[in-house]
Amino acid sequence: MLDTPHPTPAEPTLDCRALAQKLSGLHFIGGRYVPGLSGQNFDVVNPATGEVIGKAAEGDAQDVNMAVLDAARAQKEWASIPARKRGALVAQCAAVLKAHQEELARLIALETGKALRTESRVEAGVVADIFEFFGGLGSELKGESVPFDPKVLSVTVREPLGVVGAIIPWNVPMLLMALKVAPALVAGNTVVVKSAEEAPLTVLRICELMNRVLPPGCFNILSGFGPECGAPLVEHRLVRKVTFTGSVETGKIVAKAAAEKLVPVTLELGGKSPMIVFADCDFDKTVAGALTSMRFTRQGQSCTAASRIYVERPIFDRFVARMQQAVDAMVMGDPLDEKTDIGTIISDGQFEKVQAFIAEGKATKGATAIECSALPDDPALKKGLFLRPVIFTGLDASSRLVREEIFGPVTVIQPFDDAEEVLAAANDSEYGLAASLWTNNLRVGLDLAHRLEAGLVQINQNLVVQANLSYGGVKSSGLGKEASLEAMLEHFTHKKTIMVNMA
Ligand code: NAI
Ligand code: MG
């Protein structure tokens with residue numbers, strides 16, 4: 001078999017186009033780059049220009065098998081390393097990733113169309129932070145002593161599950177991968193990741209960089225399509241834990257396959273996150289908060305995007321006008337340009353899907369579509385998947401735009417008159433991922449925070465995932481939590497009971 005050990009330099013390389021070429025057509029398995037066994041590759045496209053920037057190996061069940069066998073071989077030895085030492089190695093990976101922050105940011109901007117300044121650089125920084133955080137938790141893999149009988153020593157120990165199969169999406173691929181790989185490794189598991197077909201290169205480079213620190217086989221990554229490469233990974237008999245982030249539809253398929261083998265599964269799925277704005281809020285801060293809540297700098301491609309905004313009637317018109325003004329001021333353009341706030345939609349398919357929602361909204365009687373921000377006029381970007389952010393008013397709870405995840409720069413603002421009414425509207429959703437409340441009346445705020453059906457509720461802020469704070473949804477938004485110590489213990493270890501009779 002052809003074997004390509006590290007064709008890329010260990011030093012950061014800021015030429016993202018050259019790096020994309022070097023990473024082309026490869027998986028990373030057992031501590032080295034390998035081409036896909038089928039020899040088939042697919043194109044990786046820069047959505048800002050439509051240019052093909054590289055190729056990704058089209059993984060299938062054979063590649064999956066090779067990766068899982070390597071991961072299983074590596075796992076016994078990895079688990080035998082003292083937990084704190086494993087953590088130290090993962091923290092060392094964080095330092096390497098931090099040194100490569102700019103390189104990773106440029107590469108992810110190139111392959112996903114996410115603006116360098118507002119999104120890509122931020123994501124690359126958070127990724128290093130997540131590895132650093134989990135790297136410090138090795139010695140927290142503690143068990144308990146259980147009061148059973150004075151003559152019987154009864155203890156529990158935390159043991160790893162084995163090989164973890166992780167499937168990730170394209171919207172924040174580095175971060176969503178880190179939330180799985182970091183705790184899985186620290187807990188003594190080894191990992192095989194299946195990357196998203198739209199964003200396979202930057203995560204591949206992260207895997208290589210981490211493999212310069214980790215023993216071979218601990219962290220492997222494959223590119224490929226869902227049914228051909230993701231499904232065999234989930235189904236592989238040696239994969240003892242499945243963790244998935246993506247759509248509800250695919251999440252259900254993955255959960256069924258995991259149930260067939262009786263292995264635990266963590267699911268981070270979609271959202272339709274409400275933002276509730278009371279008239280007594282700090283107005284300017286809340287308008288700015290609406291922009292970050294809606295993740296406009298990520299083109300709204302976020303499961304926590306505030307795609308339903310409820311504003312108390314006395315300030316409704318003023319809020320809509322100010323929000324329009326603020327979104328208008330955002331600069332849409334070349335993702336690699338420092339001036340750019342808003343980049344592109346990820347793919348033709350997503351572009352069409354979001355456009356269909358916008359068209360449906362515009363065709364709804366009584367609806368107003370406020371299109372903000374100007375499309376870039378640079379001829380080099382004329383094939384780019386740029387889409388003007390849209391603020392809808394005049395749609396009600398029956399609209400598909402209020403009920404379904406759009407995953408684009410589209411939000412719907414609706415007026416409300418009292419707290420009970422808005423709580424009922426917010427909870428009237430299939431989803432339950434995140435919510436935010438904006439008010440200076442903390443009695444009302446805290447009361448609603450307790451009664452909102454969501455995994456994460458924030459008052460007067462709407463931050464993205466943070467290390468040490470459990471993150472994960474209820475209802476169709478998912479199963480299980482990520483990002484925290486508890487998440488690592490619950491989802492990447494099992495508790496073994498050991499009893500010693502000393503009578
Ligand atoms: P998807 O859920 O189909 O893809 C996510 C990952 O699952 C990808 O790596 C894909 O290859 C893999 N996959 C697909 N079919 C599979 C199968 N049968 N077995 C195992 N793995 C499989 O999401 P997609 O098609 O990229 O986007 C569709 C919609 O999903 C978006 O419009 C958005 O609404 C939602 N979405 C939500 C995300 C989130 O963060 N919660 C992330 C990405 C998409
Ligand atoms: Mg899909």
Side-chain angles (χ1 to χ4, degrees), residues 42 44 47 56-61 64 112 114 123 165-177 179-180 192-200 203-204 221-236 239 242-261 265-273 295 298-305 307 345-357 385 387 400-401 403-410 430-434 455-456 464-465 471-473 475-480 482-483:
F42 60 93
V44 184
E58 200 175 315
D60 61 20
V64 167
T112 65
K114 292 196 298 179
E123 184 186 357
I167 294 177
I168 57 170
W170 44 262
N171 59 329
V172 215
M174 300 192 281
L175 169 60
L176 299 175
M177 178 171 83
L179 293 177
K180 301 177 186 318
V192 178
V193 172
K194 204 291 281 174
S195 59
E197 36 280 61
E198 297 83 354
V203 289
L204 177 67
I221 192 162
L222 303 164
S223 49
F225 297 105
E228 292 76 15
C229 188
L233 176 60
V234 175
E235 288 159 15
H236 198 287
V239 168
V242 174
T243 171
F244 171 85
T245 300
S247 65
V248 175
E249 195 188 12
T250 306
K252 286 178 183 170
I253 296 173
V254 166
K256 277 184 198 151
E260 203 56 53
K261 294 196 312 186
V265 57
T266 306
L267 302 172
E268 294 293 343
L269 308 176
K272 192 73 195 173
S273 301
R295 320 286 186 232
R298 201 184 294 159
Q299 296 74 252
Q301 300 172 134
S302 163
C303 43
T304 53
S307 50
I345 303 294
I346 186 79
S347 65
D348 290 326
Q350 284 295 125
F351 194 74
E352 282 159 25
K353 182 184 154 188
V354 179
Q355 275 185 319
F357 272 110
L385 302 175
L387 193 56
R400 224 164 55 89
L401 281 78
R403 309 207 70 80
E404 295 182 20
E405 182 170 57
I406 300 173
F407 229 65
V410 182
E430 176 197 350
Y431 296 105
L433 188 57
L456 170 65
V464 294
V465 183
Y471 174 78
K475 297 156 88 177
S476 289
S477 291
L479 283 179
E482 294 193 317

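In each ligand, atom 1 is the first atom listed, and ligand 1 is the first ligand listed.
- Counting heavy-atom neighbours within 6.0 Å of Lys256 NZ, excluding the residue itself, gives a total of 12 or less.
- Contacts with ligand 1 closer than 4.0 Å are made by no heavy atom of Glu249, backbone or side chain.
- Looking at Gly408, Ala305, Ser195, Cys303 and measuring to atom 40 (O) of ligand 1, the nearest heavy atom belongs to Cys303.
- Any N or O atom pair closer than 3.5 Å counts here, and Thr245 shares no such pair with ligand 1.
- With a 4.0 Å cut-off on non-hydrogen atoms, Leu269 touches ligand 1 through its backbone and not its side chain.
- Considering CD of Glu197 and CH2 of Trp170, their distance stands at 11.0 Å, rounded to 0.5 Å.
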Please lay out, stage by stage, how Glu430 and Lys272 fare under the test salt bridge (charged side-chain N to carboxylate O under 4.0 Å, His left out).
-> CA-CA 8 Å; Glu430 176 197 350; Lys272 192 73 195 173; over 6 Å; no
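- Not counting sequence neighbours, the partners of Cys303 by the side chain to side chain contact (heavy atoms under 4.5 Å, CB included) test are Glu405, Phe407, Leu433, Tyr471.
- Here the shortest heavy-atom distance to atom 29 (C) of ligand 1, taken over Lys353, Glu235, Glu405, belongs to Lys353.
- Counting heavy atoms of neighbouring residues, nucleotides and ligands inside a 6.0 Å radius, atom NZ of Lys252 does not exceed 12 of them.
- Distance CD/Gln350 to CG/Leu387: 11.0 Å, rounded to 0.5 Å.
- If you check the side chains of Thr245 and Lys180, you find a donor sitting under 3.5 Å from an acceptor.
- The Phe244 neighbourhood of ligand 1 comprises atoms 2 (O), 6 (C), 7 (O), with distances under 4.0 Å to a heavy atom of that residue.
- Using a 4.0 Å cut-off to heavy atoms of Lys194, the atoms of ligand 1 that qualify are 8 (C), 9 (O), 10 (C), 11 (O).
- In the candidate list Gly271, Ala231, Ser223, Ala231 is nearest to atom 19 (N) of ligand 1, counting heavy atoms.
- The Ile168 neighbourhood of ligand 1 comprises atoms 6 (C), 8 (C), 9 (O), with distances under 4.0 Å to a heavy atom of that residue.
- Taking every non-hydrogen atom of Gln350 and a distance limit under 4.0 Å, the qualifying atoms of ligand 1 come out as 27 (O), 28 (C), 31 (C), 32 (O).
- For a threshold of 3.5 Å applied to N or O pairs, the pair formed by Phe407 and ligand 1 contains no separation below that value.
- By the 3.5 Å distance cut-off applied to N or O atoms, Pro227 is not counted among the residues near ligand 1.
- Of all atoms in ligand 1, numbered sequentially from 1 with element shown, those under 4.0 Å from a heavy atom of Pro169 are 42 (C), 43 (C).
- If you look at Ile406 next to ligand 1, there are no close heavy atoms at all, none under 4.0 Å.
- Taking Glu235 as the reference, Ala231, Ala257 meet the side chain to side chain contact (heavy atoms under 4.5 Å, CB included) condition, with sequence neighbours excluded.
- With contacts defined as side-chain heavy-atom distances shorter than 4.5 Å, the pair Ile168/Lys194 does not qualify.
- Between Glu198 and ligand 1, a contact under 3.5 Å exists for no N or O pair.
- Contact of the Val203 side chain with the Val193 side chain is not registered, since no non-hydrogen atoms from C-beta on lie closer than 4.5 Å.
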